[in-house]
Number of protein chains: 2
Amino acid sequence: MPDKIPTPGSPVRGSKTGKPIMALFDLLGRSWALGVIWQLSNGPKTFRDLQSACEGVSPTVLNRRLKELKASAIVAHDGNGYHLTDTGKALFSLLQPFGPWAIDWAKTLEERDTLPDA
Amino acid sequence: MPDKIPTPGSPVRGSKTGKPIMALFDLLGRSWALGVIWQLSNGPKTFRDLQSACEGVSPTVLNRRLKELKASAIVAHDGNGYHLTDTGKALFSLLQPFGPWAIDWAKTLEERDTLPDA
DNA sequence: CGAACTCGCTATCATTTCGATAGCAAGTGG
DNA sequence: CCACTTGCTATCGAAATGATAGCGAGTTCG
């Protein structure tokens, strides 16, 4: 059984309690999970579109993430490709503020590293 | 060089562009990174307090995450233990809504799995 | 038909990360 | 000195990730 999918209510990687927030953190704490959601917020994408949008993430990993996100009702797949479900869109709306925050964060780090003496 | 710390502006695991949001997603997309931030939002904790709060995460991993989060100016360490920096607190404020969202999400999944016929 | 293409993967295998356990060096208090 | 806490490091097996190759199904165009 090589794949365990994080689900609230059952133990997952690192979390034995299955508390929803821990299951969510486990799900999102895997490589490219957040990136895939971020990319899909711009509309549906095919598997290969997603792959190139995510800087060439390997199909192995991409497929695993998509399976997990589908099992978690965050993404779905139809004739137009992969897309966010309503649940996924709601999650993205929480994620969106991370964009501007990351830019400020980058500035903060840059300043800190440019002025090593405080 | 066994440890690469995600930093905006330089390539990181999976991300060759170094775009701030991708560096952030890489940083947070590692086991227990989100969990550590979540736990520290309740105030300072010692290394061992954190370990038990995070369901016995191994010291190896905990120490790696703490190094990364310190290098990213999200957590800091002083006489009272580990705690969130101002930057870290700002990040947590973005993270906080994930708590209630995760609970709704858990309900959605439970309903879906309880009523398999749609 | 059938060659050329796209799409969604799977197979394989090396590298990296994680997870679990043991234990140590430094500091503190009795 | 001894016990105790804190913050780790060392070691090692298990699991996840990353990179590359390529396949089977469907569609399109001649």
Side-chain angles (χ1 to χ4, degrees), chain A residues 1-7 11-18 22-23 25-36 39-40 43-72 75-83, chain B residues 1-6 10-18 22-23 25-36 39-40 43-72 75-83:
Chain A
M1 203 200 296
D3 285 1
K4 269 183 304 184
I5 297 182
T7 304
V12 285
R13 182 186 67 162
S15 175
K16 297 181 185 69
T17 65
M22 289 304 164
F25 283 172
D26 184 14
L27 181 70
L28 300 181
R30 297 179 176 199
S31 80
W32 285 107
L34 289 164
V36 164
Q39 292 299 338
L40 286 182
K45 283 185 163 52
T46 67
F47 189 93
R48 282 163 200 242
D49 283 347
L50 257 182
Q51 228 191 314
S52 53
C54 293
E55 303 172 37
V57 55
S58 77
T60 322
V61 171
L62 180 56
N63 188 40
R64 270 201 287 257
R65 284 306 88 81
L66 287 171
K67 271 183 194 167
E68 292 161 3
L69 292 171
K70 277 189 287 186
S72 306
V75 311
H77 187 224
D78 64 12
N80 292 320
Y82 289 95
H83 58 92
Chain B
M1 204 200 296
D3 284 1
K4 269 183 304 185
I5 297 183
S10 70
V12 286
R13 182 187 66 163
S15 176
K16 298 180 185 69
T17 65
M22 288 305 163
F25 283 172
D26 184 14
L27 181 68
L28 300 181
R30 297 180 176 197
S31 80
W32 285 107
L34 290 164
V36 164
Q39 293 298 337
L40 286 183
K45 283 186 163 52
T46 67
F47 189 93
R48 281 165 201 244
D49 282 347
L50 257 183
Q51 228 191 313
S52 54
C54 292
E55 303 171 38
V57 55
S58 77
T60 321
V61 171
L62 180 54
N63 189 40
R64 270 200 289 256
R65 284 307 87 80
L66 287 171
K67 273 183 192 166
E68 292 160 4
L69 293 171
K70 276 189 287 186
S72 306
V75 311
H77 187 224
D78 64 14
N80 292 319
Y82 289 95
H83 58 92

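Order of the sequence lines fixes the chain letters, A, B, ..., with proteins taken first and strands second; residue numbering starts at 1 for each chain. Computed from a prediction, not measured in an experiment: that's the story for all the values here.
- Comparing atom distances between the B:Val61 side chain and each of D:dT17, C:dA11, C:dC18 picks out C:dC18 as nearest.
- Spacing between atom CG of B:Asn80 and atom P of D:dT5 amounts to 19 Å, rounded to whole angstrom units.
- Listed candidates were D:dA19, C:dT10, C:dA20. Nearest to the side chain of A:Thr60 is D:dA19.
- Among C:dG8, C:dA22, C:dC18, the nucleotide with an atom closest to any side-chain atom of A:Phe47 is C:dG8.
- Separating the NZ atom of B:Lys67 from the P atom of C:dC18 is a distance of 13 Å, rounded to the nearest angstrom.
- When all heavy atoms of B:Met22 and A:Glu55 are compared, the pair lying nearest together is CG-OE2, 3.9 Å.
- Taking the side chain as every heavy atom from C-beta outward, A:Leu28 and B:Leu28 never approach each other to under 4.5 Å.
- Side-chain proximity of B:Trp32 to D:dT9, C:dG19, D:dT17: nearest is C:dG19.
- Rounded to whole Å, atom P of D:dG18 lies 11 Å from atom CD of A:Glu55.
- At the heavy-atom level, B:Thr46 lies under 4.0 Å from the strands shown only through sugar-phosphate atoms.
- Considering only side-chain N and O atoms, B:Arg48 lies nowhere under 4.0 angstrom from the phosphate OP1 or OP2 of D:dC8.
- One atom, NZ of A:Lys45, and another, P of C:dT6, lie 18 Å apart when rounded to the nearest Å.
- Between B:Arg64 and D:dT9, a side-chain N or O to OP1/OP2 separation shorter than 4.0 Å is absent.
- In this structure, CH2 in B:Trp32 is found 7.5 Å from CD in B:Gln39, a value given to the nearest 0.5 Å.
- A straight line from CZ of A:Arg65 to P of C:dG8 spans 18 Å, rounded to a whole angstrom.
- Note: B:Tyr82 and B:His77 have parallel aromatic rings, judged against thresholds of 30 and 60 degrees for the angle between ring planes.
- The nearest whole Å value for the distance from the NE2 atom in A:His77 to the C1' atom in C:dG8 is 7 Å.
- A donor-acceptor distance shorter than 3.5 angstrom exists from the side chain of B:Gln51 to the backbone of B:Val57, with no hydrogens or angles considered.
- Atom P of nucleotide D:dG7 and atom CG of B:Asp49 are separated by 8 Å, given to the nearest angstrom.
- Comparing A:Val57 and B:Tyr82 along DNA chain D, the residue whose closest nucleotide (by nearest heavy atom) sits nearer the 5' end is B:Tyr82.
- In terms of phosphate contacts, A:Asn63 brings no side-chain nitrogen or oxygen within less than 4.0 Å of OP1 or OP2 of C:dG8.
- Summarising the geometry, the separation between CZ on B:Arg30 and P on D:dT17 is reported as 12 Å, rounded to the nearest angstrom.
- Contact check, A:Ser31 against D:dG18: a side-chain N or O comes under 4.0 Å of OP1 or OP2.
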